[in-house]
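Everything on this sheet refers to the single structure shown next.
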Amino acid sequence: MIGAVSRLIGAARRLIAAVSRLIAAGSRLIAAVSRLIAAGSRLIAAGSRLIAAVSRLIAAVSRLIAASSRLIGAVSRLIESSRRLIGTSRWLIGTVRRLIAATNRLIEITRRRIELSGRVSGEECMDRSELLRIINIKKTLNPLAI
């Protein structure tokens, strides 16, 4: 009977050793899972920071696009204003040219009347200073006229 008890004690010791090894393996497994969970948590935190950074980048790009759109609108309005100003300038230049032409015709008509009145009365109505004054007026209004 002592042999059976001895074998039973040996089997119990081997069972305890196997359970101890199983517990040690379980502890190592728990430690590995804990490290895996910690790494996953760090990965999730890094992903969250990345998502936040991308979100801020998208917001900045959106603001940039809005500012660019406003700038394009302002440039478009400036171009349209410039076109209207060019049109007005062309109209003004044409009006000034017509005014100069009319003034030249008026000066010519006045000169002819003065010449005719001098011939009819038999005397010279314009002296040199009057003629120079008329020519200077004409040159002031249109330097290319004379």
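Quick note: numbers below take in every heavy atom, side chains included, and nothing from hydrogens, waters or symmetry partners. Numbers here simply count residues along the sequence, with the first being 1.
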I'd like to check the side chain to side chain contact (heavy atoms under 4.5 Å, CB included) partners of [X]; sequence neighbours left out, ordered by chain and number.
X: R14; value: A11
X: R83; value: I79, E80
X: R21; value: A17, A18
X: I72; value: none

[atom1]-[atom2] distance between [X] and [Y], expressed to the nearest 0.5 angstrom:
X: L43; Y: S48; atom1: CG; atom2: OG; value: 9.5 Å
X: T103; Y: I107; atom1: OG1; atom2: CD1; value: 6.5 Å
X: L85; Y: S81; atom1: CG; atom2: OG; value: 8.5 Å
X: I65; Y: I58; atom1: CD1; atom2: CD1; value: 10.5 Å

> Going by the side chain to side chain donor-acceptor pair (under 3.5 Å) test, which pairs reach into residues 88-99, not counting sequence neighbours?
Replying inline: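 Applying side chain to side chain donor-acceptor pair (under 3.5 Å) to every pair that reaches into residues 88-99, excluding sequence neighbours, yields T95-R98.
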>> Count I, L, V, M, F, W, Y as connected when their side-chain heavy atoms are under 4.5 Å apart, and connections chain through other members. Are I23 and L15 then in the same cluster?
In response: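 Cluster IDs for I23 and L15 match.
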> Is there a donor-acceptor contact under 3.5 Å from the side chain of S68 to the main chain of L64?
Replying inline: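 Side chain of S68 to backbone of L64: a pair is present.
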>> The criterion is salt bridge (charged side-chain N to carboxylate O under 4.0 Å, His left out); which residues satisfy it with R105, sequence neighbours excluded?
In response: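 For R105 there are no salt bridge (charged side-chain N to carboxylate O under 4.0 Å, His left out) partners, ignoring immediate neighbours.
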